[in-house]
Amino acid sequence: MTATRILVLNSGSSSVKYQLLDMRDSSRLAVGLVERIGEETSRIKHTPLAGGGESRELNGPIADHEAALKAVAAELAADGLGLDSPELAAVGHRVVHGGKSFTSPTVIDEKVLAEIERLVPVAPLHNPANITGIKVARGLRPDLPQVAVFDTAFHTTMPEYAARYAIDVATADEHRVRRYGFHGTSHAYVSRETAKLLGKAPEDVNVIVLHLGNGASASAVKGGVCVDTSMGLTPLEGLVMGTRSGDLDPAVIFHLSRVAGMSIDEIDTLLNKKSGLVGLCGDNDMREITRRMGEGDERARLAFDIYIHRLKKYIGAYYAVLGRVDAVAFTAGVGENAALVRQAAVAGLEELGLALDAERNAVRGEEPRLISANYARVAVAVVPTDEELEIATQAYALVSA
Ligand code: ADP
């Protein structure tokens, strides 16, 4: 029997998201989520899709990632999809930070694991959870290839002038301070799907991808290759996000330290967790913000306007970086669902060849679709992202080669 299944694991600090896919037809056999690991109120939501089974929810304390993955394995086994199956080809792990070293998906051995550990200082919130997920999965099936798919890999093609900050080179190099970019799996998938939607090869298209979820990033993709992206050393740089500030004058940090007496950790929390949309108006959900705007709420309006202004600046910047743009693609929670955001982001850019068709923009759907006006020179598209499918595809390509 050939092994064609991939288990995709996305391990966060207190959660594990998972999907089991069959790569013969890229179908999903099961999906699920373990939340609040380490608390009394942990929860597993498991949905077997293969036999059209019902979702199951289990509530009760799950102490750590090991217990969480064992519980996931038990749920899969109950559907006849256990980790001991000879049909399982590999586990694909989402790993947030791969630094400069990892430019493509990689089978994990001791050396690779040590390198992911070495990168913890630049991704203190993410890499430790990814490492735990890898170690636990390896413990459950030591014979199975564990593949790391890095959020940063797609951006390693950025030219040096886009990846380097204009600071002292020796200091930057000693501490690995440079722009790495994140959401790479999504930018790779969406830019390729956008080319497909245009009926062209990725090599022949230049795309600006706008990944607008709770975290948000833009990228400039030239002929299938990333040449710039808005996130930097960490996912804090760039667009206004749900709770992160995005771009600001770095001197804001000195000022808050000297004048407000805030500690570095307090400023870190302020900029990562209490800024962005939530800092501006108290809500980070775009649905709530647009609802409040409808009621004439001024704070929600201003937060929205700041969000859109930043987005527009990046569209303009990446237009200039690419020289010729074939498509602008919106993706992730906000990009796929918030027609008002898409409309506002593109408004006034007719001179750049961008214009929406209002009716197409209003249509909701799961499929990639064009929303630009017929006369527009640049295609505008909504392309739902699928990071799990991309991780599974990359992991499977590696182990079945
Ligand atoms: P994450 O970064 O957590 O993966 P998602 O890509 O799932 O985020 O995006 C989550 C965000 O998408 C929510 O915070 C909300 O702002 C936005 N969102 C989801 N559905 C809608 C909708 N129907 N209309 C507007 N915004 C939406």
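Quick note: residue numbers are just sequence positions, from 1. Numbering of ligands and ligand atoms starts at 1, following listing order. Reckoned from all heavy atoms, side chains included, excluding hydrogens, waters and symmetry mates.
- Contact annotation: for Lys17 versus ligand 1, there are no heavy atoms closer than 4.0 Å.
- Considering only non-hydrogen protein atoms, atom 24 (N) of ligand 1 sits nearest to Arg287 CG, 3.2 Å.
- For the residue pair Arg43 and Asn59, no side-chain donor N or O sits within less than 3.5 Å of a side-chain acceptor on the partner.
- For the ligand labelled ligand 1, residue Gly242 lies outside the 4.0 Å heavy-atom shell.
- In the candidate list Asp285, Asn337, Val341, Asp285 is nearest to atom 15 (C) of ligand 1, counting heavy atoms.
- Rounding to the nearest 0.5 Å places CG of Leu239 at 11.0 Å from OG of Ser245.
- Proximity of Arg364 to ligand 1 is established by a heavy-atom distance of less than 4.0 Å.
- For a threshold of 3.5 Å applied to N or O pairs, the pair formed by Asn214 and ligand 1 contains at least one separation below that value.
- Here the heavy atom of the protein found nearest to atom 17 (C) of ligand 1 is Val334 CG2, 3.6 Å.
- Between His46 atom NE2 and Glu75 atom CD the span is 5.5 Å, to the nearest 0.5 Å.
- An N or O contact shorter than 3.5 Å links Met286 to ligand 1 by distance.
- When side chains are defined from C-beta on, Leu256 counts as touching Leu270, because their heavy atoms get closer than 4.5 Å.
- For the pairing with Ile391, the side chain to side chain contact (heavy atoms under 4.5 Å, CB included) check across Ile6, Thr185, Leu21 returns one residue only, Thr185.
- When non-hydrogen atoms are compared, ligand 1 lies under 4.0 Å from the backbone of Asn284 (N, CA, C, O) but not from its side chain.
- Each of Phe182, Phe150, Phe102 was scored for a ring-ring contact (aromatic ring centres under 6.0 Å, His included) with His97, with one residue passing: Phe182.
- Ring geometry for His187 versus His183: interplanar angle of 30 to 60°, hence tilted.
- When distances from atom 6 (O) of ligand 1 to the protein are checked, a heavy atom turns up under 4.0 Å.
- In this structure, atom 27 (C) of ligand 1 lies nearest to the protein heavy atom Gly333 O, 3.7 Å.
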What do the steps show when you test Ser15 against Arg36 for side chain to side chain contact (heavy atoms under 4.5 Å, CB included), and what is the final call?
CA-CA 6 Å; Ser15 70; Arg36 299 192 287 275; over 6 Å; no
